[in-house]
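Nothing here was measured: the structure is a model prediction, and the numbers come from that model. Just so we're on the same page: letters track the sequence lines, and every chain starts at 1.
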Amino acid sequence: MHNVWLIAKREYLERIRTKAFLVMTVLIPLLMIGGIVGTAIAGRSQQSNSHIAVVSPDLDLATDLQKELEHGRNSKMLVDVISPAAADTRTVLDSELSNRQLDGYLWITAQKTTGARPTFTYTPRSRADIVTRGTIVEALSTVLTREGLAHKGMGSADVDALMAPVRLDSSQAGKNDSSEGAFYSAYVLFFLMYFVIMLYGMNVARSIIEEKTSRIFEVLLATIRPEEMMAGKVIGVGSVGLTQVGIWLLTAVILTATPLVSRLTGADVHVALSATQIVFFLIYFLLGYLLYSSIAAALGAMTNSEQELQQLNMFLVLPLALCMFGLGFVIPNSDGLVARVMSMTPFFAPLIMYMRISIKMPPVWEIGVSITLTVATIWAILWVASRIYRVGILMYGKKPNVSEVLRWLKYS
Amino acid sequence: MAAGFAPIVELVDVSKSYDTKKAVRGVSLRIEPGTMFGLLGPNGSGKTSSIRMMIGITVPDSGEVRLFGQPFTRAALKRVGYLPEERGLYKKMKVLDQLVFLGQLHGLSARTAETRAQGWCERMEITEAMPKKTEELSKGMQQKIQFIASLLHEPELIIMDEPFSGLDPVNGKLLQDTLVELRAAGKAIVFSTHRMDQAEKLCDSMALISRGEVVLSGAMREVKGLYPRNRVEVLFEGDDSFLRHPSIAEVTNYSGHAEIRLKTVDGVEPDAQPLLAEAVGRGTRILRFEVKEPTLEEIFIEKVGSGGLEQVETDRRTAVTRGAVHA
């Protein structure tokens, strides 16, 4: 164990000190911040804060609309009310429009017959301002409905109660966290897991190839077992991955827990992560990493160069890509057959079961089966990989074919 | 060793095959404490394969490997220093860190490893390299670092695969002197080489390997006795009558360049001095007079026939592992 520790420690320290690690560690949170701020800003621009004028023969309708547009749910507009219209109103408004004092005006014309809806004409300064346009349409229909209901004899309190927006409570039974937030966090973590497993799996393979090309392994083999070398490498590289993920998660939590982001963007953003989610993320991240990095270790031991590794990459990428593909079935129906089978199949279990747990807690026995099968598979792959490693690492020159690799398994 | 009689390394009828290629066939060797042992043979003869089995990198198909008088165990490797033929160091790692790491793998504490590494770097005249990254150093320097790495844990048995290849004469001498000192300190040293002169100068005993088999082995003195220096090459101007001197068994004269084989009596090395005196006495102008070492190739050809050298090329193509290719 001492040797495994030494190998892992060296691997960890050498990697942590590289520029690549620093760049990745800093760059990803920066992208994360950029994403959060960007989304928040984009969200804010969906609110219209244009300055418009409402010209109406009916003062009540106009002030009602003004109230809705200035204090409504999605708008913070500035509204001037002109009622009734003077002869030169349109000319004045048109000149204000071209002077950029106004963003547009809404002209309301009463109908001849009583009870019929008035007609509305909106003249915007920019035809591209679809947000303001949409907000006005929404506000108008609210105001008209309210007016219609009042007209039919309903009290204003009843009208307000009826018009109140519906709140759909979608949190899981017995929990009061926001499930939407939790889902997005789970989604982000799923990609993080996918990305880090792929990246660090490849790193294990690359670092083995590097040791083969620099011939250092023969010095190491003269004191330690190939199994210890491989274990040290997998643990060392994996710890670097964990460190990086840890830094990223911590950044995300700190950023969103403090009022910093909300103040910056004016929007309410926070990472909704339950303790269960974090615990299962760690468990399945470790399982997934061990599974794929031992495959990668075997691939690295079989090949002589990065180019050769590229050709064998599909053994690593294909199952991971299938997880991504499976997501399409798992998210809409996390208890469905596809989701259940995939989450208990070792190569997909870490990512898919984690996603299922985040969406809706599956039965405990299913989690148990997924963990047990994955651990058994990891054990089997490590057994095979360490044998391939033991023989393959002393190989140079030509790339082995399948029958040769199978023969290696018999060497002691 | 207190035991005294037990050999430090013993290979007993050891064989190893890689796929269809037999890399080592029934090799038996004994390396005694306090001696320097030369493993000789051309490329591809099975030297590296034999060495790798001594330190458990590969396991023999049959036969037995014994270290320090015991059947091979990995625990014994803490007492062995190994310099592989393919030098290998972490390119991006600083020299001192690297030496400390390798020392720790051999069971030293970080502090001991560092103190010893500093001592060795001074001795090998590379202190200025210690804070540098390995990739910034010259090949010769890297080799010295590798050499130090194999000696840091003060092993009782030192195994080196082609330790002198790629070193300039000054550094070669430094390495050679260090090995001689280590032998004087009671260490057993095994090294492989394809240079006969070096083996002759340094080794107490040797084994010549060809196509995976030991074709000649024993104490250096005995082996040398078997292959006396009986060949003389002379470059001369003028009278060539000295070539009829009675000490000559056979001569080929290419007008001014003569290749001579002297008569050997009872395996005793013949003396070329009378022949030189004869030539000088007859007034022949001698440009060069050289008593030639039997080269490894000559002994080899004499021992196994010239087919042995050609075999190497064929094997190289069919062999699967380098272990099988590079002796």
message: A side-chain contact here means heavy atoms from C-beta on lying under 4.5 Å apart; do Leu221(A) and Tyr82(B) qualify?
response: no
query: When only pairs under 4.5 Å are counted, which of Ser150(B), Gly81(B), Gly107(B), Pro84(B) shares the most heavy-atom pairs with chain A?
result: Pro84(B)
- prompt: Which residue out of Met93(B), Gln104(B), Gln146(B) racks up the most heavy-atom pairs below 4.5 Å with chain A?
  reply: Met93(B)
field: CD1 on Ile224(A) to CZ on Arg74(B), rounded to 0.5 Å
entry: 8.5 Å
- request: Could you tell me which residues in residues 283-292 of chain A have at least one non-hydrogen atom under 4.5 Å from a non-hydrogen atom of chain B, sorted by residue number?
  value: none
message: Can a side-chain donor-acceptor contact be found between Tyr90(B) and Glu211(A) if the only test is distance below 3.5 angstrom?
response: yes
Interatomic spacing from CG in Asp97(B) to CD in Glu14(A) - rounded to 0.5 Å: 7.0 Å
Chain A contact via Leu83(B) - side chain, backbone, both or neither, heavy atoms under 4.5 Å: neither
message: Other residues, nucleotides and ligands only: do more than 12 of their heavy atoms fall within 6.0 Å of CZ on Arg225(A)?
response: no
message: I'd like to check the ring-ring contact (aromatic ring centres under 6.0 Å, His included) partners of Phe195(A); sequence neighbours left out, ordered by chain and number.
response: none
Per-residue contact mode, Ile7(A) against chain B (heavy atom under 4.5 angstrom): both
task: Measure Arg17(A) against the heavy atoms of chain B and call it side chain, backbone, both or neither at under 4.5 Å.
output: side chain
Other residues, nucleotides, ligands: >12 heavy atoms within 6.0 Å of Trp248(A) CH2: yes
Pairing residues for Thr112(B) by the side chain to side chain donor-acceptor pair (under 3.5 Å) criterion, not counting sequence neighbours: Ser109(B)
query: Between Ile159(B), Leu105(B), Ile55(B), which has the largest tally of heavy atom pairs under 4.5 Å with chain A?
result: Leu105(B)
task: Walk me through it: do Leu102(B) and Leu220(A) pass the test side chain to side chain contact (heavy atoms under 4.5 Å, CB included)?
output: CA-CA 8 Å; Leu102(B) 292 171; Leu220(A) 302 182; 3.9 Å; yes
- prompt: How many angstroms lie between atom CD of Gln98(B) and atom CD1 of Ile216(A), to the nearest 0.5 angstrom?
  reply: 5.5 Å
Over 12 foreign heavy atoms within 6.0 Å of NZ, Lys92(B): no
query: Are Glu218(A) and Arg52(B) ion-paired here, with the side-chain N under 4.0 Å from a carboxylate O?
result: yes
- request: Could you pull out all residues at least two apart from Phe164(B) that satisfy ring-ring contact (aromatic ring centres under 6.0 Å, His included)?
  value: Phe191(B)
